[in-house]
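For clarity, every value in this text was computed on a predicted model and none was experimentally measured. We're numbering straight along the sequence, starting at 1. Computed from heavy atoms alone, side chains included, the values below leave out hydrogens, waters and symmetry copies.
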Amino acid sequence: VQSMDFFLQGNQALDWDGPAGEGAAIRSGLEQSATADLLGRTDWGALDVLVIDLAPGADRLPALSRFLPAKAAALVVTIPSQVALLSVDRSLRRARELKFPLIGLVENMGTSICSKCGAEQALFRDTLDDETDPGAGTDFGLQIDVIARIPFDRELATDADAGRLFLEGRGRGSVAGKAFAELAAKVDAYAQPDPQGESW
């Protein structure tokens, strides 16, 4: 694992702009330079897969794509709220302009698992399973396959905070654990399309 957070002290904020906002005009360049350093100067060892978690924003993937190998592909993760989906839509448009391969969309925290009875319930009015929604069971009009739905699970949050692997404990047989395992299998089975576009 590599992160900019490892280079900060305590609760220090990552401030690209500087105290007086003097770096705001070159923030994108600073982010790209830091990303290139994290990718290129880290001794990753032998890798089967390298996962890069990008912050929301339509500019993140285009800025990163030139540093990635030809076998790279994007996995879109979002909560099923209209505000979040607007941001996802913009990012998808940019990815398609780049002709960047898209594995699919993951609905995160659309439902919650009750810690007492194990029942699954919706957290949002609009979820990908809401039959009252015109995009029910599809993709909210984003034109990308929904390949996984990961419910919120308190045990997952607890394990993450404690640094424990959710799938090595109780999580293995849970609804969320099974969803993660199915997602991993689909990503592993993803067939890379023929390279295309300038980023290739």
* Asked: If two hydrophobic side chains count as joined below 4.5 Å and joins carry through other members, does V49 share a cluster with L68?
  -> no
* Tell me, with the steps shown, if R60 and E31 meet side chain to side chain contact (heavy atoms under 4.5 Å, CB included). => CA-CA 9 Å; R60 295 306 198 282; E31 285 187 358; 3.7 Å; yes
* Distance (rounded to the nearest 0.5 Å) between R149 CZ and E120 CD -> 10.0 Å
* Do the side chains of R96 and I144 get nearer than 4.5 Å, heavy atoms only? -> yes
* Heavy-atom closest contact (W44 atom, L39 atom, distance) -> NE1-O, 3.0 Å
* Kindly indicate whether the side chain of F7, heavy atoms from C-beta on, has any atom under 4.5 Å from the side chain of L38. => yes
* Asked: Among side-chain atoms of S112 and Q121, is any donor-acceptor pair under 3.5 angstrom?
  -> no
* To do: Side-chain contact test, heavy atoms from C-beta onward, threshold under 4.5 Å: evaluate it for T78 versus V106 and give yes or no.
  => no
* Asked: Does L75 reach the side chain of Y190, with side-chain heavy atoms less than 4.5 Å apart?
  -> no
* Over all atoms of both residues, closest heavy-atom pair of L61 and A74 -> CD2-CB, 4.5 Å
* Starting at CG of D89, measure out to CD of Q143 and round the result to the nearest 0.5 Å. => 9.0 Å
* Asked: Tell me, do E107 and V77 make a side-chain contact under 4.5 Å, heavy atoms counted?
  -> no
* Closest heavy-atom pair and its distance - A179, P151 -> CB-CD, 4.3 Å
* Cluster companions of V175 among Ile, Leu, Val, Met, Phe, Trp, Tyr (side-chain spacing under 4.5 Å) -> I113
* Asked: Got a donor-acceptor contact below 3.5 angstrom from the S3 side chain to the D5 backbone?
  -> yes
* Is there a donor-acceptor pair closer than 3.5 Å between any side-chain N or O of S91 and the backbone N or O of S87? -> yes
* Structure fact -> One should read off an interatomic distance between Q2 CD and D37 CG, to the nearest 0.5 angstrom, of 10.0 Å
* Measure the shortest side-chain to side-chain distance between D145 and L105 over non-hydrogen atoms and say whether it is less than 4.5 angstrom. => no
* **Results of side chain to side chain contact (heavy atoms under 4.5 Å, CB included) for L156 - residues two or more places apart only** => D153, F166, F180
* **Close side-chain approach of I52 to L54, heavy-atom, < 4.5 Å** => yes
* Asked: Just one of R154, R164, R172 clears the salt bridge (Lys or Arg N to Asp or Glu O under 4.0 Å) bar with D159, so which one?
  -> R164
* Within-4.5 Å side-chain heavy-atom neighbours: T111 and L123 -> no
* Asked: Quick one: does S65's side chain have a donor or acceptor within less than 3.5 Å of a partner on P62's backbone?
  -> yes
* Output yes when a side-chain donor or acceptor of K186 lies under 3.5 Å from a complementary backbone atom of I147, and no otherwise. => yes
* **Test side chain to side chain donor-acceptor pair (under 3.5 Å) applied to Q32 - qualifying residues, sequence neighbours left out** => S28, R66
* Structure fact -> One should read off an interatomic distance between L64 CG and F100 CZ, to the nearest 0.5 angstrom, of 7.5 Å
